[in-house]
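Data block below; observations after.
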Amino acid sequence: MSEISVTLPDGSQRSLPEGSTVVDLATAISRRLGKEALIGLVDGKETDLGRPLQDGDTVEIVPPDSERGLHTIRHSTAHVLAQAVLELWPGATFAIGPPIEDGFYYDFALPNGQTFHEDDLERIEDKMREIVKARQPFTRTELVPALALELMANHPYKQEIIEMVAAGEKSSEVGSEVGGEVISFYRNTDNFVDMCVGPHVPHTGHLGHFKLMNVAGAYWRGDVDQPMLQRIYGTAWADKKQLAAHLLRLQEAEKRDHRKLANDMDLLSFPKELGGGLAVWHPKGAAVRKVMEDYSRQRHLDGGYEFVVTPNLANGGLFETSGHLDFYADGMYPPMEMDNGSYYPKPMNCPMHCLIFRRGQRSYRELPLRLFELGTVYRYERAGTLHGLMRIRGFTQDDAHIYCTQEQLADEITSLLDFVLSVLKAFTFEEFTFNLSTRDPDKSVGSDDIWALATKALRDSLDRHGVDYQVKEGDAAFYGPKIDIDVRDAIGRSWQLSTIQVDFNLPERFELEYVASDGSRQRPIMLHRALFGSIERFFGVLIEHFAGNFPAWLAPIQSTVLAVAEDHQPYAEEVTAKLKDAGFRVDMVEANDPLGKRIRTAKQQKVPYILVVGADDVEAGTLGVNPRGGKVERDIPFEDFVHRLQTEVDAKV
RNA sequence: GCCCGAAUAGCUCAGUUGGCCAGAGCGCUGCUCUUGUAAAGCAGAUGUCGUCGGUUCGAAUCCGACUUCGGGCCCCA
């Protein structure tokens with residue numbers, strides 16, 4: 001019997017009998033790998049385990065505990081979900097069911113316009129567990145489109161995909177290896193077969209560590225004009241431990257939910273009377289916001305920005321000039337009709353900053369001119385998109401517009417990146433992701449030259465910082481390319497915060513000019529940039545990042561002073577007053593409740609330092625210091641504590 | 001905007017198949033207690049049961065519309 005030789009990932013060769021499959025190889029390497037293996041990676045291409053190997057193939061075995069393995073598990077679990085639903089709802093049809101981050105979903109249409117309910121999930125899960133227990137094989141078959149259409153006769157969405165593929169369009173859902181001539185299917189039982197590009201786990205027994213999470217509506221093919229399908233989301237993992245860990249992470253995220261913490265900590269609220277997407281900041285929330293804003297202002301002052309202030313309303317003519325009414329009218333609040341025109345709440349600050357630039361003749365000597373404003377804007381976000389502080393209708397941007405010459409652009413962007421990162425790092429963010437969005441030729445203004453110049457300036461400054469970045473082709477705004485910066489929070493989630501955008505459009509529209517050194521009139525380039533993005537959103541991210549445990553410099557209340565008993569009240573008041581004089585945010589609670597109770601309340605408010613003062617302290621001028629997350633310390637001299645708190649505030653830790 | 005779900009005291013929630021004056025804990029107010037590091041005791045006040053309309057002898061409970069919120073879709077200058 002002749003042999004074939006394949007190459008393993010470590011570069012070693014392995015001989016196998018001719019006709020051996022991927023799983024044969026896995027078993028040959030080790031029995032355990034043979035049992036665990038989910039799919040193979042043959043010459044870089046994912047394949048089922050049953051695929052025969054050829055001489056010279058490079059083969060990698062994909063175990064469950066790998067990114068590809070998890071991906072496969074999720075994809076296969078989606079099929080199990082589909083089988084369960086189709087069995088439980090006779091007449092139901094199915095659309096697509098891909099793996100996603102942490103899980104999968106599947107879209108269905110139920111007969112007679114039925115919908116899923118949360119309590120259906122348990123029933124579906126039970127059915128899925130039966131399927132897992134049955135260890136059904138995933139058997140691949142390939143059909144030409146005509147036969148595929150016949151097989152999917154009762155499933156119009158599948159047929160639509162088949163026709164799409166047959167027409168040569170790409171779809172992640174089906175195999176179209178040979179120009180749409182063959183469509184692959186995976187059959188589990190006589191009654192269940194799903195169209196799919198695969199590969200899949202060998203049999204359903206490899207699955208089972210899943211949980212259905214929620215139901216939702218989703219447009220077919222993501223198109224508002226298409227029917228609304230019923231989507232079920234689930235999560236799936238390689239083993240029980242991973243699943244439990246994931247559910248724990250979700251729990252942790254839920255505990256950190258800024259909407260819950262903002263409420264519990266009395267930071268802000270969204271009164272119904274105000275209407276959707278509008279927040280009121282309570283004293284404690286506003287205290288944090290003030291620190292954030294003060295810090296931002298100071299940094300901008302140090303960074304060479306000049307402060308401006310502009311109104312919340314403007315005549316519609318301004319937004320015609322800026323183009324907002326052409327491009328974003330849907331996202332703007334409707335106008336108020338007044339004697340000399342229609343006035344709109346501003347959705348952005350830039351047009352007004354352009355008016356400031358245009359006022360008076362500008363010289364190249366003034367550039368770069370950096371105008372900064374904590375500018376409050378209003379955007380009409382659609383009702384269904386609102387989400388706590390993360391998506392809101394009225395918010396304040398830490399907004400600045402930089403007007404510079406073409407020659408200054410690259411340096412300006414480079415120093416801007418330093419500036420952004422330095423400010424974000426002050427809030428303990430350490431990991432950043434950068435995205436460079438480039439031109440969409442169909443939806444943009446400006447000459448090729450200037451786009452190339454600006455994109456190169458952005459790219460060069462990213463390179464100069466030695467950071468990795470992703471390029472999002474065609475994702476730029478119509479007026480210029482941009483860099484978006486995401487931060488990773490304390491539990492590993494990513495949030496998009498900062499943006500640096502180049503704009504050729506507004507200087508044109510507002511006919512901005514400066515006088516160059518040779519006396520000629522030149523058009524400046526404009527940069528839009530925001531670090532926090534929206535103060536509201538940034539605050540929401542901070543709440544979740546810190547789980548409400550704001551570091552001392554940000555904490556709404558930095559310390560709460562508690563007298564052990566009424567006798568010590570005067571001393572507690574004295575301590576409180578002195579700390580306030582020293583510039584700290586201090587609270588005092590009178591001794592009407594037992595000390596333990598008052599400590600508990602202060603702990604729940606996540607106060608960095610609880611200061612307990614009793615007879616010993618009155619005598620010696622000391623404090624009992626109970627730090628958040630630390631051990632109680634006694635007999636701390638007052639001045640020592642002041643020094644300690646000041647040091648901590650200065651260090652911003 | 002679209003699909004599904006929800007809305008009861010300041011907060012978190014209970015309220016059976018529609019049936020006396022609508023409940024609990026926390027918080028709040030008052031009194032007692034005067035406390036050394038995560039819940040003292042007693043008493044009290046607090047609700048147009050999201051809003052409007054309908055069904056019914058009777059609605060927190062059933063139906064409809066609206067508002068707001070939650071999970072998604074779409075969108076996000």
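So that the names make sense, note that chain A is the first sequence line, chain B the second, and so on, each numbered from 1. Just so we're clear, the structure is a prediction, and the values are computed from it rather than from any experiment.
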For [N], which nucleotide is its Watson-Crick or G-U wobble mate, given both distances must be under 3.5 Å?
| N | result |
| --- | --- |
| A43(B) | U29(B) |
| G1(B) | C73(B) |
| C21(B) | none |
| G64(B) | C52(B) |
| U37(B) | none |

To the nearest Å, how far apart are [X] [atom1] and [N] [atom2]?
| X | N | atom1 | atom2 | answer |
| --- | --- | --- | --- | --- |
| Tyr328(A) | C76(B) | OH | C1' | 10 Å |
| Leu274(A) | G50(B) | CG | C1' | 15 Å |
| Leu562(A) | A39(B) | CG | P | 13 Å |
| Asp567(A) | C33(B) | CG | P | 13 Å |
| Asp617(A) | U37(B) | CG | C1' | 12 Å |
| Tyr333(A) | A77(B) | OH | C1' | 16 Å |
| His387(A) | C73(B) | NE2 | P | 12 Å |
| His568(A) | U37(B) | NE2 | C1' | 14 Å |

Classify [X] by what it touches in the nucleic acid, base, sugar-phosphate, or nothing, heavy-atom distance under 4.0 Å.
| X | answer |
| --- | --- |
| Gly384(A) | base |
| Gly331(A) | base |
| Ala615(A) | base |
| Gln230(A) | sugar-phosphate |
| Asp616(A) | base |
| Tyr233(A) | sugar-phosphate |
| Phe327(A) | nothing |
| Gly277(A) | sugar-phosphate |
| Gly614(A) | base |
| Arg259(A) | sugar-phosphate |
| Tyr479(A) | sugar-phosphate |
| Gly222(A) | sugar-phosphate |
| Asn214(A) | sugar-phosphate |
| Ala383(A) | base |

How far, in whole Å, is [M] from [N] if one measures between their [atom1] atoms?
| N | M | atom1 | result |
| --- | --- | --- | --- |
| C28(B) | A9(B) | C1' | 11 Å |
| G27(B) | G44(B) | C1' | 14 Å |
| U48(B) | A59(B) | C1' | 14 Å |
| G19(B) | C63(B) | P | 15 Å |
| A6(B) | G58(B) | P | 26 Å |
| G25(B) | G41(B) | P | 12 Å |
| U29(B) | G70(B) | P | 30 Å |
| C49(B) | C13(B) | C1' | 14 Å |

How about [X] and [Y]: are their ring centroids closer than 6.0 Å?
| X | Y | answer |
| --- | --- | --- |
| Tyr233(A) | Tyr106(A) | no |
| Phe532(A) | Phe538(A) | yes |
| Phe116(A) | Trp89(A) | yes |
| Phe104(A) | His75(A) | no |
| Tyr380(A) | Tyr333(A) | yes |

Where along nucleotides 5-13 of chain B does protein come under 4.0 Å, by heavy atom, of base (B) or sugar-phosphate alone (S), with - for untouched nucleotides? S-----SS-
Lys482(A) or Val613(A): which one's nearest nucleotide on RNA chain B is closer to the 5' end?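 Nearest nucleotide further toward 5': that of Val613(A).
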More 5' along RNA chain B: Ala591(A) or Tyr380(A), using each one's nearest nucleotide?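 Between the two, 5'-proximity favours Tyr380(A).
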For Arg249(A), check side chain to side chain contact (heavy atoms under 4.5 Å, CB included) against everything at least two apart and list the hits.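 Trp237(A), Ala245(A), His246(A).
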Look at the side chain of [X] and decide which nucleotide, out of [options], has an atom nearest to it.
| X | options | answer |
| --- | --- | --- |
| Ala216(A) | U37(B), G71(B), C73(B) | G71(B) |
| Thr385(A) | C75(B), G72(B), A38(B) | C75(B) |
| Pro347(A) | A77(B), U37(B), C2(B) | A77(B) |
| Arg600(A) | A77(B), U37(B), A38(B) | A38(B) |

Could you check Tyr479(A) against Ser444(A) for side chain to side chain contact (heavy atoms under 4.5 Å, CB included), going step by step and ending with a plain yes or no? CA-CA 6 Å; Tyr479(A) 49 70; Ser444(A) 53; over 6 Å; no
List the steps and the verdict of side chain to side chain contact (heavy atoms under 4.5 Å, CB included) for Asn435(A) and Ile483(A). CA-CA 5 Å; Asn435(A) 292 304; Ile483(A) 295 172; over 6 Å; no
If only side-chain N and O atoms count, and only distance matters, is there a donor-acceptor pair under 3.5 Å linking Glu473(A) with Thr438(A)?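 Their side chains do contain a donor-acceptor pair, which is all the 3.5 Å distance test asks for.
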Is there a donor in the side chain of Glu160(A) and an acceptor in the side chain of Trp220(A), or the other way round, less than 3.5 Å apart?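 Checked: Glu160(A)/Trp220(A) side chains pair up, N/O donor to acceptor below 3.5 Å.
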Apply side-chain hydrogen bond (donor to acceptor under 3.5 Å, both in side chains) to residues Ser269(A) and His282(A) and explain how you reach the verdict. CA-CA 7 Å; Ser269(A) 61; His282(A) 301 191; 2.7 Å; yes
Do Lys255(A) and Asp257(A) meet the salt-bridge criterion of a basic N to acidic O distance under 4.0 Å?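 Judged by the 4.0 Å cut-off on N to carboxylate O distance, Asp257(A) and Lys255(A) do not form a salt bridge.
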Below the 4.0 Å mark, does G36(B) have OP1 or OP2 next to a side-chain nitrogen or oxygen of Lys597(A)?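 So the side chain of Lys597(A) is outside the cut-off, no N or O lying under 4.0 Å from OP1 or OP2 of G36(B).
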Donor-acceptor pair (no angle test) under 3.5 Å: Tyr219(A) side chain, G72(B) base: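 No, no donor-acceptor pair under 3.5 Å.
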Does the base of C75(B) carry an N or O that pairs as donor and acceptor with the side chain of Arg391(A) under 3.5 Å?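 In this structure, the two groups form a donor-acceptor pair.
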